[in-house]
Amino acid sequence: MDTREMRGRGFVVTPMLKSDFEDLHLAASDPLIWAGHPAKSRHQKEVFAPYFDFLLSAGGSVTVREEATGQVIGCSRYYEPPEVPGGIGIGYSFITRDHWGGASNRAIKSLMVNQVFGELDEVWFHIDPTNLRSQKGTAKLGARYVDTQQLVLGTGAGQWMRWVLTEKDWQKHGVK
């Protein structure tokens, strides 16, 4: 997936660069961001660094900034789902807590999802079964739970909940 710069809804999403490390680590350094996530210690620099290196080397990764301030608030990634060759997934995402519970996740995902829907008619999300915050946020986008499978994503095999968002469901939920 082309990770060109995208702007709108108060955010700027740009291809991730090596120079983004310090700002992204600062955004990720809040332990509460990772409390409901399987990688609970990712706020620590020595744990965050391999995650960042993976994102940078894997490709499709983006850095998210507030449009008004330029402050880095998180990241995400486009990837090819292992069980859907030629498909597109969005994941490996986090945003700072000051952007939780409002319109930020929807706004950021809108920029990313609309780019996918320029090429395909569905986008996939893979969520750890223990990550309730991501499940709720993904459901709010209009995605539907498909099943849970043993998949190899990122650094190894694990159980992943598979969610799909079709362009039709995206538009039905009034998101453009």
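- Atoms OG and CZ, from S29 and F48 in turn, are 9.5 Å apart once rounded to the nearest 0.5 Å.
- From W163, atom CH2 reaches atom CG of D147 across 12.0 Å, with rounding to the nearest 0.5 Å.
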> Passes ring-ring contact (aromatic ring centres under 6.0 Å, His included), Y51 versus F54? Steps please.
Replying inline: CA-CA 5 Å; Y51 169 69; F54 165 76; 7.5 Å; no
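- Counting heavy atoms from C-beta outward, V64 and V72 have side chains that stay 4.5 Å or more apart.
- The side-chain heavy atoms of Y92 and C75, taken from C-beta on, include no pair separated by under 4.5 Å.
- In this structure, the separation between CD1 on I95 and CZ on R133 is 8.5 Å, given to the nearest 0.5 Å.
- Among V146, I90, V116, I88, the single residue meeting the side-chain contact (heavy atoms from CB on, under 4.5 Å) criterion with W124 is V146.
- With hydrophobic clusters built from ILVMFWY side chains whose heavy atoms lie under 4.5 angstrom apart, Y79 does not share a cluster with V84.
- Under a 4.5 Å side-chain heavy-atom cut-off, the cluster of Ile, Leu, Val, Met, Phe, Trp and Tyr residues that includes V47 has no other member.
- Counting heavy atoms from C-beta on, the side chains of R65 and I73 never come closer than 4.5 Å.
- Look at R9 and E67 and you find no salt bridge, because none of the NZ, NE, NH1 or NH2 atoms lies under 4.0 Å from a carboxylate O.
- Counting heavy atoms from C-beta outward, I108 and S76 have side chains that stay 4.5 Å or more apart.
- Minimum heavy-atom separation, H43 to W34: N-CD1, 3.5 Å.
- Put simply, the side chain of E122 never gets that close to the backbone of L165: no donor and acceptor are under 3.5 Å apart.
- When the side chains of ILVMFWY residues are joined at heavy-atom separations under 4.5 Å, either directly or via intervening members, L153 and V164 end up in two distinct hydrophobic clusters.
- Minimum heavy-atom separation, A157 to Q150: CB-NE2, 3.5 Å.
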> For F11 and H99, what are the C-alpha separation, side-chain angles and deciding distance, and is it a ring-ring contact (aromatic ring centres under 6.0 Å, His included)?
Replying inline: CA-CA 11 Å; F11 298 95; H99 287 279; 5.6 Å; yes
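- Taking the side chain as every heavy atom from C-beta outward, R77 and V62 never approach each other to under 4.5 Å.
- The minimum heavy-atom distance linking P85 with P82 is given by the pair CD-O, 4.4 Å.
- For the pair V13/E5, no side-chain contact is recorded, criterion being any heavy-atom separation below 4.5 Å from C-beta on.
- To the nearest 0.5 Å, atoms CD1 (I33) and CZ (R97) are separated by 7.0 Å.
- Contact record, A49 with F21: CA-CE1, 3.8 Å, taken as the closest heavy-atom pair.
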>> One pair to check against side-chain contact (heavy atoms from CB on, under 4.5 Å): T166 and D169. What are the steps and the verdict?
In response: CA-CA 5 Å; T166 64; D169 287 339; 3.3 Å; yes
>> Under the criterion salt bridge (Lys or Arg N to Asp or Glu O under 4.0 Å), I'd like the reasoning laid out for E22 against K45: C-alpha separation, chi angles, the key distance, then a yes or no.
In response: CA-CA 9 Å; E22 291 299 332; K45 198 170 204 172; 3.2 Å; yes
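- Considering all non-hydrogen atoms of both residues, V113 and F125 come closest at CG2-CZ, 4.4 Å.
- No side-chain donor-acceptor contact under 3.5 Å links T138 and Q135.
- Between Q115 and Y78, the side chains place a donor N or O and an acceptor N or O closer than 3.5 Å (distance only, hydrogens not considered).
- Using a 4.0 Å cut-off between charged side-chain N and carboxylate O, D53 and K18 make no salt bridge.
- When atom types are taken as modelled, the side chain of R7 and the backbone of L111 share no donor-acceptor pair closer than 3.5 angstrom.
- Donor-acceptor pairing under 3.5 Å is recorded for the side chains of W170 and N114.
- With contacts defined as side-chain heavy-atom distances shorter than 4.5 Å, the pair K109/S93 qualifies.
- Atoms OG1 and CE, from T63 and M16 in turn, are 4.0 Å apart once rounded to the nearest 0.5 Å.
- Clustering ILVMFWY residues whenever any of their side-chain heavy atoms sit less than 4.5 angstrom apart, transitively, puts L24 in the very cluster that holds W100.
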>> Does Y145 form a side-chain contact (heavy atoms from CB on, under 4.5 Å) with R162? I'd like the steps, not just the answer.
In response: CA-CA 6 Å; Y145 169 74; R162 296 182 336 119; over 6 Å; no
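- R106 and L141 get closest at one heavy-atom pair: CA-CD2, 4.0 Å.
- Between atom CG of residue D98 and atom OG of residue S104 there is a gap of 7.5 Å, rounded to the nearest 0.5 Å.
- Using a distance-only test at 3.5 Å, with no hydrogens or angles considered, no donor-acceptor pair links the side chain of N131 to the main chain of I127.
- Cluster annotation: V12 is not connected to M6 through the hydrophobic network of ILVMFWY side chains, with a link wherever side-chain heavy atoms come within less than 4.5 Å.
- Annotation: K168, atom NZ; neighbour count of heavy atoms from other residues, nucleotides and ligands within 6.0 Å does not exceed 12.
- Side chains of T148 and W160 form no contact here, defined as non-hydrogen atoms less than 4.5 Å apart.
- Defined by atom type and a distance below 3.5 Å, a donor-acceptor pair is missing between the side-chain atoms of Q149 and H126.
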